[in-house]
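Here's the structure we're looking at; comments come further down.
Counting begins at 1 with the first residue of the sequence. Since the structure is predicted, the reported quantities are computational estimates derived from the model, not experimental observations.
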Amino acid sequence: MAIVLGGPGVDGLGEAVGVLREWQYEGAPMQLHPGDLGWFWRSGAEATAEAVRTWSRGGRILAVGLLDGPGLLRLTIAPDAHRDGELARQLAEDVTDPERGVLPEGKVNIEAPMGALLQELLSEEGWSTDEPWTPLRRDLSEPVKGPGVRIVAVGPEQAHVFVAVHRAAWDGSRFTDERWHAMAAGLPYADARCLVAYDDQGNAVAAVTVWSAGPGKPGLLEPMGVHREHRGHGYGRAISVAAAAALRELGSSSAIVCTPSSNAGAVATYKSAGFQQLPEVRDHYRDA
């Protein structure tokens with residue numbers, strides 16, 4: 001049967017989120033997570049649908065991609081199809097040819113699971129490997145000790161607090177209260193939590209969003225940030241510990257996160273919070 005490239009439309013986002021949940025498992029390579037779609041949902045359901053691509057055969061989705069920016073495709077593949085030659089060739093053709101409507105002309109990046117046949121085909125086609133990223137994982141089989149600071153799970157009434165910390169943690173952030181509410185209305189947020197950490201003076205100092213993929217599956221931290229005026233006091237470690245605890249309450253088997261390897265401070269923060277550093281991963285890119 002032919003492999004069909006398509007977009008899910010708003011009505012089909014539920015199916016895309018569902019297969020992403022199914023494809024998460026312990027020991028999986030770092031890959032697109034339902035929480036990645038959940039965080040993108042801050043731009044609204046329509047924009048999320050426009051950014052998602054699916055590849056199907058015989059009515060079954062075999063790969064899901066998220067255009068996380070104009071020149072970045074974050075792609076993952078059904079676990080039993082990582083070495084599917086027909087699928088890999090189709091994916092390589094679709095991401096290489098701008099007329100297919102996946103990636104534009106010019107410099108572009110693609111993130112795909114390490115070990116997938118697609119990685120090898122892209123290298124053969126002249127794509128290069130980009131800067132390394134570091135995945136980290138914390139096992140949640142045992143209870144998580146308290147973070148040592150006050151943690152509040154944010155609801156709609158406190159959304160402005162989360163937004164303010166996020167904007168103070170990320171230079172150039174365009175996150176708004178409206179975007180928080182759009183994100184919270186998305187399908188993946190049913191299994192998510194936004195947390196804010198407070199210092200002894202009652203200042204909101206750090207924030208994180210955690211995304212469950214369902215009981216017994218890895219949960220994701222995306223994003224985590226510390227207010228620029230409150231760095232250097234261990235709040236990144238504290239909010240990361242709180243994130244792990246929240247994911248355990250949601251039934252996750254582990255907590256995972258990925259950060260640029262060049263961000264040594266972030267890697268050290270997660271390790272201090274009990275996360276284990278895993279082998280680096282790299283995107284592929286095509287020059288302009």
Side-chain angles (χ1 to χ4, degrees), residues 4-24 28 30-56 59-78 91 94-95 98 100-104 108-113 154-156 159 162-163 166-167 170 172-194 207-214 217-225 247 250 252 256-258 283:
V4 179
L5 164 64
V10 172
D11 292 342
L13 282 174
E15 184 181 10
V17 171
V19 296
L20 287 178
R21 291 180 189 274
E22 292 175 11
W23 296 348
Q24 311 303 313
M30 198 70 193
Q31 61 176 334
L32 189 69
H33 190 277
D36 292 309
L37 264 64
W39 176 237
F40 194 96
W41 220 291
R42 68 196 185 278
S43 297
E46 291 79 9
T48 304
E50 290 176 2
V52 172
R53 300 290 184 274
T54 60
W55 285 262
S56 304
R60 179 198 172 199
I61 296 178
L62 295 176
V64 176
L66 173 67
L67 287 163
D68 201 0
L72 170 61
L73 178 70
R74 303 182 61 192
L75 175 75
T76 196
I77 300 167
L91 289 169
D94 288 342
V95 302
R100 302 289 178 92
V102 180
L103 285 168
V108 292
N109 282 59
I110 179 169
E111 171 192 297
V154 169
F162 182 93
V163 170
H166 185 274
R167 291 175 68 93
W170 300 95
S173 170
R174 294 182 293 175
F175 199 41
T176 62
D177 291 10
E178 291 75 17
R179 288 190 167 212
W180 187 94
H181 288 286
M183 174 187 74
L187 295 172
Y189 198 77
D191 294 319
R193 300 286 186 276
C194 283
V208 69
T209 307
V210 296
W211 305 88
S212 167
K217 296 178 179 292
L220 178 72
L221 282 66
E222 174 61 23
M224 186 280 284
L247 284 171
L250 289 167
S252 299
I256 57 174
V257 68
C258 198
D283 294 353

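- Annotation: the span from Arg21 atom CZ to Leu37 atom CG amounts to 10.5 Å, rounded to 0.5 Å.
- No donor-acceptor pair under 3.5 Å is formed between the side chain of His33 and the backbone N or O of Ser212.
- Put simply, the side chain of Ile256 reaches to within 4.5 Å of the side chain of Met30, judged on heavy atoms.
- Expressed to the nearest 0.5 Å, how far CG of Leu20 lies from CG of Leu13 amounts to 10.5 Å.
- At a threshold of 4.5 Å between non-hydrogen side-chain atoms, the residues Trp41 and Leu187 count as touching.
- Atom CG of Asp191 sits about 12.0 Å away from atom NZ of Lys217, to the nearest 0.5 Å.
- Residue Ile110 holds its CD1 atom at 7.0 Å from CG of Leu91, rounded to the nearest 0.5 Å.
- Between the side chain of Glu222 and the backbone N or O of Val208, no donor-acceptor pair lies under 3.5 Å.
- Using a 4.5 Å cut-off on side-chain heavy atoms (C-beta onward), Ser43 and Met183 make no contact.
- Interatomic distance, Cys194 SG to His166 NE2, rounded to the nearest 0.5 Å: 9.5 Å.
- For the atom pair CG (Asn109) and CG (Asp68), the distance works out to 11.5 Å, reported to the nearest 0.5 Å.
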Which is it for Leu75 and Glu111 under the side-chain contact (heavy atoms from CB on, under 4.5 Å) test, yes or no, and what are the steps along the way? CA-CA 6 Å; Leu75 175 75; Glu111 171 192 297; over 6 Å; no
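- Put simply, the side chain of Thr176 gets close to the backbone of Arg179: a donor and an acceptor are under 3.5 Å apart.
- A distance-only check finds a donor-acceptor pair linking the side chain of Gln31 to the backbone of Trp23 [under 3.5 Å].
- Between Phe162 and Thr209 the shortest heavy-atom distance is CZ-OG1, 3.1 Å.
- Residues Arg74 and Asp283 are not paired through a salt bridge, judged by the lack of any N-O separation under 4.0 Å between the basic side chain and the carboxylate.
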List the steps and the verdict of side-chain hydrogen bond (donor to acceptor under 3.5 Å, both in side chains) for Asp94 and Trp55. CA-CA 10 Å; Asp94 288 342; Trp55 285 262; 2.8 Å; yes
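- Across Ala49 and Pro8, no two heavy atoms sit closer than the pair O-CD, 3.9 Å.
- Taking every heavy atom of both residues into account, Pro218 and Ala213 meet most closely at O-CB, 3.7 Å.
- The closest side-chain heavy-atom distance from Trp211 to Pro188 is below 4.5 Å.
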Quick one: do Ile77 and Leu62 satisfy side-chain contact (heavy atoms from CB on, under 4.5 Å)? Show the steps, please. CA-CA 6 Å; Ile77 300 167; Leu62 295 176; 5.7 Å; no
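- When the options Trp170, Trp39, Trp180 are evaluated for a ring pair (Phe, Tyr, Trp, His ring centres under 6.0 Å) with Phe175, the one that passes is Trp39.
- Residues Ala182 and Gly44 share a closest heavy-atom pair of CB-N, 4.3 Å.
- Residues Leu66 and Thr76 have side chains not in contact (no heavy-atom distance under 4.5 Å, counting atoms from C-beta outward).
- Contact between Leu67 and Arg53 at its shortest, heavy atoms only, is CD1-NH2, 3.5 Å.
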With side-chain contact (heavy atoms from CB on, under 4.5 Å) as the test, would you mind laying out the steps for Glu15 and Ile61 before giving the verdict? CA-CA 9 Å; Glu15 184 181 10; Ile61 296 178; 3.7 Å; yes
